[in-house]
Amino acid sequence: MSQDAIAPEDPLDAIVVGAGFAGIYMLHKLREMGLRARVLEAASGVGGTWYWNRYPGARCDVPSLQYSYQFSPELEQEWEWKERYAPQAEIMEYANHVVDRFGLRPHIQFDTRVAAAHFDDESGRWGLTTEAGQRLVADHCVMATGCLSAANDPPFPGRDAFQGDWYHTGRWPHEGVDFAGKRVGVIGTGSSAIQSIPLIAAQAEELFVFQRTPNYSIPAHNGPLDPGEQRAIKARYPEYRAFLREQLIAWDIEMNEKTAAEMSAEELRAECERRWKLGGLYFYGTTADMLMDQRANDIVASFVREKIAEVVDDPATAELLSPRSVLGCKRICADTGYFETYNREHVHLIDISGHPIDEITPDGIRVGDRVYEVDAIVSATGFDAMTGAVDRIDIRGSGGARLRDKWAAGPRTFLGLATAGFPNLFMISGPGSPSVLTNMMNSIEQHVDFVATSIGYLRERNLRRIEATLEAEDGWVDHVNEVAGSTLLLGCNSWYLGANVPGKPRVFMPYLGFPAYVEKCEDVASKGYEGFQLS
Ligand code: FAD
Ligand code: NAP
C-alpha cells in the first residue's frame with residue numbers, strides 16, 4: 001500500500017479508522033459496493049480489542065456461536081469454534097481468517113495512527129493526517145475506533161521511577177510475560193483483572209491485588225464447545241440470529257420473564273442457583289426486573305455475596321470482595337477461579353477504597369505508610385470508554401468546530417452514529433448507541449449496514465453530504481438519558497458514566513435496548529433519513 005498522500009483531486013470514497021471487527025466489516029461492505037476505501041489502523045495487525053488485550057486469561061464473555069459475524073452464511077458455517085467462550089488467540093485467528101477470506105488485507109494500512117481529521121467545507125471532504133504526517137482525503141470518514149480501545153492508564157505519582165516492569169492489560173506484550181518467581185502488583189478488579197488474576201497468581205511468587213471497588217463476578221464455566229450444540233445452532237443460524245436481534249442486549253441470556261415479585265422466595269433462590277450454574281452473563285436474566293427494581297436487584301446481589309462468602313475461606317477477605325453496589329450497573333464479570341484465588345497463601349488483597357495508592361516508588365506501590373515491594377505492576381485500570389479513542393483525534397467539522405469542544409460536557413450524537421456539525425462523519429458503536437450494552441458483534445454489523453446503506457442512498461441520488469440535525473440529536477440525547485434514568489444503571493461509578501476517568505463528565509453513554517434502537521434506525525432510513533440533512 002502506497003504511503004503517499006492522496007491528492008485532493010483523487011480522493012478516496014471513504015476512509016475507515018480502525019481494523020477491529022467494525023472496521024473489517026465496514027471495509028468489506030464499502031468494497032462490495034464498488035467504492036474506493038482504505039482502513040487506517042494504529043496496530044500492526046487486525047482484530048482491535050483482541051489484538052491489544054493479550055493478557056493471561058483474556059476471552060470473550062459472550063458464547064462463541066453468538067460472538068461472530070452473520071453477514072456471510074458461508075463464513076458462519078465454515079468456521080468451527082473450539083470453546084464455549086473463545087479465548088483471545090482464537091478470536092484473533094478468526095479476525096485474520098475473515099480479512100484474508102474476503103481479500104481485505106491489501107486495503108488496510110497498518111502502523112498508522114490517525115492524529116487529525118478535518119472537514120473542508122469548500123470541497124465537502126475529510127482530510128486526515130496521520131501521526132507520521134501522511135495526508136489522505138475522502139468523501140466519507142468512518143470512525144471504527146472502538147468503545148474500549150483507549151487505555152486508561154492513571155498517572156500515579158512516581159510511576160516513571162519504577163524500576164520493575166509495567167504493563168497495562170489493554171497493551172499486553174505479544175511475546176507474553178513470564179511472572180515465575182516474581183512479586184507482582186495488580187491494580188484494579190474489573191473484568192480484565194478478574195480474568196488475569198488467577199493465571200498471574202498461578203505463576204507469581206507473591207501477588208498483591210489493589211482493589212478500589214469490588215465487582216460482581218459469576219463463574220463462566222468455560223469448556224470445549226459441544227460439537228452437537230455447534231451443529232444444532234448452525235443448522236438454524238438465520239433463525240437463531242433473528243432471535244438474538246430481538247433480545248434487549250442482542251444476545252441469548254435466557255431472560256426470565258418473571259419479575260422478582262412474581263416468584264416465591266424458594267423459586268427465586270432456585271433460579272439464582274440455576275443461573276450460577278449456567279454461569280457468566282446469564283446472570284443478567286435472573287429476574288425480568290433485575291436492572292429496574294432495587295428490591296429485585298438486592299435479592300440477586302445478596303445471593304452472589306453469599307456465594308463469595310462460601311468460596312473465600314477468610315471472612316474478612318470475603319467481606320472485602322463483596323460488592324455492595326447495584327448488581328449490573330457495572331458490567332457483570334465472568335471468571336474462572338477468581339474468588340478461589342484469594343485462598344492461596346501468596347495472594348493478598350489490598351483494600352484501597354478508603355485510601356488510594358499514594359505513589360509508585362522505585363521498588364513498589366505505596367499506600368499510606370506501607371510500601372508493597374514488587375518486581376512487576378499490572379495496571380488493569382480499564383479504558384477511557386466510548387469517547388476516548390475519538391477524543392484523542394483532533395476532529396474538526398464544519399467551520400472548523402472541534403469535536404472535543406462540542407463534547408466537553410459529554411458526548412452528543414444522533415443514534416450514536418453521527419453528530420451535528422460534522423457532515424459525512426460516521427461512528428460505529430458511538431456514544432448513544434446500544435454498543436457496550438449488547439453482544440457487540442450484532443451492534444457492529446447493524447451499524448455498518450446502516451452506514452453503508454446511507455452512503456449508497458446518497459450516491460444513488462447524486463447527493464454529497466449527510467449531517468445529523470441538532471434537533472434530532474437533542475431529541476435522541478434526551479431519550480437515551482430517559483431510558484437510562486428508568487433503570488438502576490446510574491447507580492454506581494461505572495465507565496458507562498465516564499466515572500472511571502478523573503474529570504470526565506458524568507453522562508450515561510450507551511443506549512439500553514437493541515430492538516427499539518434497530519426499529520428507530522429502520523424508521524429513520526425508511527423516511528429518507530429523517531433527522532439527517534441531505535444535500
Ligand atoms: P476495536 O476492536 O477496539 O478496534 C478499534 C481499532 O481502532 C483498534 O485496532 C485501534 O488500534 C484502532 N484505532 C483507534 N484509534 C485509532 C487512531 N487514532 N488511528 C488508527 N487506528 C486507531 N464485547 C462483547 O460483545 N463481548 C465480549 O466478551 C467482549 N469482551 C471484551 C474483552 C475486552 C478485554 C475488551 C477490552 C472488550 C471486550 N468487548 C466485548 C468489547 C469489544 O471491544 C468489542 O466486542 C469489539 O471487539 C469492538 O470492535 P471494534 O472494531 O468496534 O473496536
Ligand atoms: P474496568 O472495568 O474499568 O476496571 C478497571 C479497574 O481498575 C476497576 O477495578 C477500577 O476501580 C480500577 N481503577 C481504575 N483507576 C484506578 C486508580 N486510579 N486506582 C486504583 N484502581 C483504579 O476495566 P476492564 O477490567 O479493563 O474492563 C473494561 C470493560 O472491557 C469491561 O467492563 C468489559 O466490557 C470489557 N471486558 C470484557 C471482558 C470479558 O470478560 N470478555 C474482559 C475484560 C474486559 P473502580 O471500579 O473503583 O473504578
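Quick note: numbers below take in every heavy atom, side chains included, and nothing from hydrogens, waters or symmetry partners. Both counts, for ligands and for their atoms, begin at 1 and track the order of listing.
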- request: Output the list of atoms in ligand 1 that are nearer than 4.0 Å to some heavy atom of Phe383, sorted by atom number.
  value: 36 (C)
message: Checking Gln70 against Asn442: is there a side-chain donor and acceptor pair closer than 3.5 Å?
response: yes
Atoms of ligand 2 close to Arg59 [distance to a heavy atom under 4.0 angstrom, numbered from 1]: 39 (C), 40 (O), 41 (N)
field: Heavy-atom gap Phe156 to ligand 2 smaller than 4.0 Å
entry: yes
query: Considering only heavy atoms of Thr112, which atoms of ligand 1 have at least one such atom less than 4.0 Å away?
result: 19 (N), 20 (C)
- request: Go through ligand 1 atom by atom and flag the ones less than 4.0 Å from a non-hydrogen atom of Thr438.
  value: 25 (O)
Nearest-neighbour protein heavy atom for atom 52 (O) of ligand 1, which is reported as residue plus atom name and distance: Ala22 CB, 3.5 Å
query: Would the Phe383 and Trp495 ring centres measure less than 6.0 Å apart?
result: no
message: With a heavy-atom distance limit of 4.0 Å, tell me whether Ile428 approaches ligand 1 through its side chain, its backbone, both, or neither.
response: neither
Expected output: side-chain Ser64 to main-chain Glu83 donor-acceptor under 3.5 Å: yes
- request: Could you tell me whether His118 and Trp126 have their ring centroids closer than 6.0 angstrom?
  value: no
- request: Just do the ring pair (Phe, Tyr, Trp, His ring centres under 6.0 Å) check on Trp81 and Tyr94 with the steps written out, would you?
  value: CA-CA 9 Å; Trp81 292 103; Tyr94 175 73; 4.9 Å; yes
query: What protein heavy atom is closest to atom 7 (O) of ligand 1, reported as residue, atom name and distance in Å?
result: Gly18 CA, 3.2 Å
- prompt: Which is closest to atom 46 (O) of ligand 2 in terms of heavy atoms, Met440, Lys330, Arg212?
  reply: Lys330
message: Quick test: of every protein heavy atom, which one is nearest to atom 34 (O) of ligand 2, and how far off is it to 0.1 Å?
response: Arg331 CD, 3.0 Å
message: Applying a heavy-atom cut-off of 4.0 Å, say which part of Ala58 lies close to ligand 1: side chain, backbone, both or neither.
response: neither
message: Under 3.5 Å between any N/O of Asp61 and any N/O of ligand 1: does that happen in this structure?
response: yes
task: Heavy atoms only: give me the nearest Ala138-Ile15 pair and the separation to one decimal.
output: CB-CG1, 3.5 Å
- prompt: Side chains of Val312 and Leu321: does their closest heavy-atom pair fall under 4.5 Å?
  reply: yes
query: For ligand 1, which atoms, with element, lie under 4.0 Å from some heavy atom of Ile393?
result: 18 (N)
- prompt: Going by the atom numbers of ligand 2, which of them fall below 4.0 Å from some non-hydrogen atom of Tyr55?
  reply: 42 (C), 43 (C)
- request: Look at ligand 2 and say whether Asn493 reaches it with a heavy atom at a distance under 4.0 Å.
  value: no
- prompt: Of all the heavy atoms in Arg331, does at least one lie under 4.0 Å from an atom in ligand 1?
  reply: yes
- request: Looking only at protein heavy atoms, identify the closest one to atom 32 (C) of ligand 1 and say how far it is in Å.
  value: Trp50 CH2, 3.6 Å
- request: Give yes if a backbone or side-chain nitrogen or oxygen of Thr49 is under 3.5 Å from a nitrogen or oxygen of ligand 1, and no if not.
  value: yes
- prompt: Quick one: does Phe383 get an N or O within less than 3.5 Å of an N or O on ligand 2?
  reply: no
message: Please classify the Ala380 to ligand 2 contact at 4.0 Å (heavy-atom distances, strictly less than): side chain, backbone, both or neither.
response: backbone
- prompt: Hey, which atoms in ligand 2 end up nearer than 4.0 Å to a heavy atom of Ile352?
  reply: 20 (C)
- prompt: Quick one: which of Asp335, Ile308, Thr336, Ile332 gives a side-chain contact (heavy atoms from CB on, under 4.5 Å) with Ser217?
  reply: Asp335
- prompt: For the residue pair Tyr51 and Val46, what are the closest heavy atoms and their distance?
  reply: CB-O, 3.6 Å
message: Could you identify the single nearest non-hydrogen protein atom to atom 25 (O) of ligand 1 and state the distance to 0.1 Å?
response: Met440 N, 2.9 Å
query: Quick one: nearest non-hydrogen protein atom to atom 6 (C) of ligand 1, plus distance?
result: Glu41 OE1, 3.5 Å
- prompt: Are Ile218 and Tyr282 side-chain neighbours, meaning at least one heavy-atom pair lies under 4.5 Å?
  reply: no
- line: Taking only non-hydrogen atoms of Ile444 and a 4.0 Å limit, the atoms of ligand 1 in range are 48 (C), 49 (O), 52 (O)
query: If we only count N/O pairs under 3.5 Å, is Ser149 in contact with ligand 1?
result: no
task: Classify the contact between Trp52 and ligand 1 as side chain, backbone, both or neither, using a heavy-atom distance cut-off of under 4.0 Å.
output: side chain
task: Assert yes or no for the condition that the ring centre distance of Tyr216 to Phe283 is strictly below 6.0 Å.
output: no
field: Shortest protein contact, atom 15 (N) of ligand 1 (heavy atom only)
entry: Thr145 CG2, 3.6 Å
task: Would you please determine whether Tyr67 falls within less than 4.0 Å of ligand 1 on a heavy-atom basis?
output: yes
message: If the cut-off is 4.0 Å to any non-hydrogen atom of Ile187, which atoms of ligand 2 fall inside it?
response: 20 (C), 21 (N)
field: Exercise check, heavy-atom protein proximity under 4.0 Å to atom 39 (N) of ligand 1
entry: no
query: Can a cation-pi geometry be assigned to Arg54 and Trp172, taking NZ or CZ under 6.0 Å from the six-membered ring centre and within 45° of the ring axis?
result: no
- line: Honestly, for Thr169 the part within reach of ligand 1 (heavy atoms, under 4.0 Å) is neither
field: Nearest neighbour in protein (non-hydrogen) for atom 53 (O) of ligand 1
entry: Gly146 CA, 3.2 Å
- prompt: Relative to the heavy atoms of Pro154, which atoms of ligand 2 are at a distance of less than 4.0 Å?
  reply: 15 (N), 18 (N)
message: Contact between ligand 1 and Trp251 is defined here as a heavy atom of the residue under 4.0 Å from a ligand atom; is it met?
response: no
message: For ligand 1, which is the ligand I care about here, please tell me if Phe21 has any N or O atom under 3.5 Å from one of the ligand's N or O atoms.
response: yes
message: If I apply the N/O under 3.5 Å rule, does Met441 come out as touching ligand 1?
response: no
message: Is it the case that atom CZ in Arg404 sees more than 12 heavy atoms from other parts of the structure closer than 6.0 Å?
response: yes
- request: Mark up the atoms of ligand 1 that fall under 4.0 Å of a heavy atom belonging to Tyr55, in ascending order.
  value: 34 (C)
task: Please could you name the atoms of ligand 2 that Leu148 approaches to less than 4.0 Å, counting only its heavy atoms?
output: 29 (C), 30 (O), 34 (O), 35 (C)
field: Arg241/Glu76 salt bridge by N-O under 4.0 Å criterion
entry: yes
message: With heavy-atom distances below 4.0 Å as the criterion, list the atoms of ligand 1 near Ala144.
response: 5 (C), 6 (C), 7 (O)
- prompt: Starting from atom 19 (N) of ligand 1, which protein heavy atom do you reach first, and at what distance in Å?
  reply: Val114 N, 2.9 Å
field: Sub-3.5 Å N/O-N/O distance, Ala389 and ligand 1
entry: no
task: Flag the pair Ile360 / Arg366 as yes when at least one side-chain heavy-atom distance between them is below 4.5 Å, and no otherwise.
output: no
- line: In ligand 2, the atoms that come under 4.0 Å of a heavy atom of Cys60 are 41 (N)
query: Going by the atom numbers of ligand 1, which of them fall below 4.0 Å from some non-hydrogen atom of Asn439?
result: 25 (O)
- prompt: So is there a nitrogen or oxygen of Arg59 less than 3.5 Å from a nitrogen or oxygen in ligand 1?
  reply: no
- request: Answer with yes or no after comparing the ring centroid distance for Tyr517 and His447 against a 6.0 Å cut-off, counting only values under it.
  value: yes
message: Suppose I only count heavy atoms of Thr213 and a 4.0 Å limit; which atoms of ligand 2 are within that range?
response: 45 (P), 46 (O), 47 (O)
- prompt: Below 6.0 angstrom between ring centroids: does that apply to Phe102 and Tyr25?
  reply: no
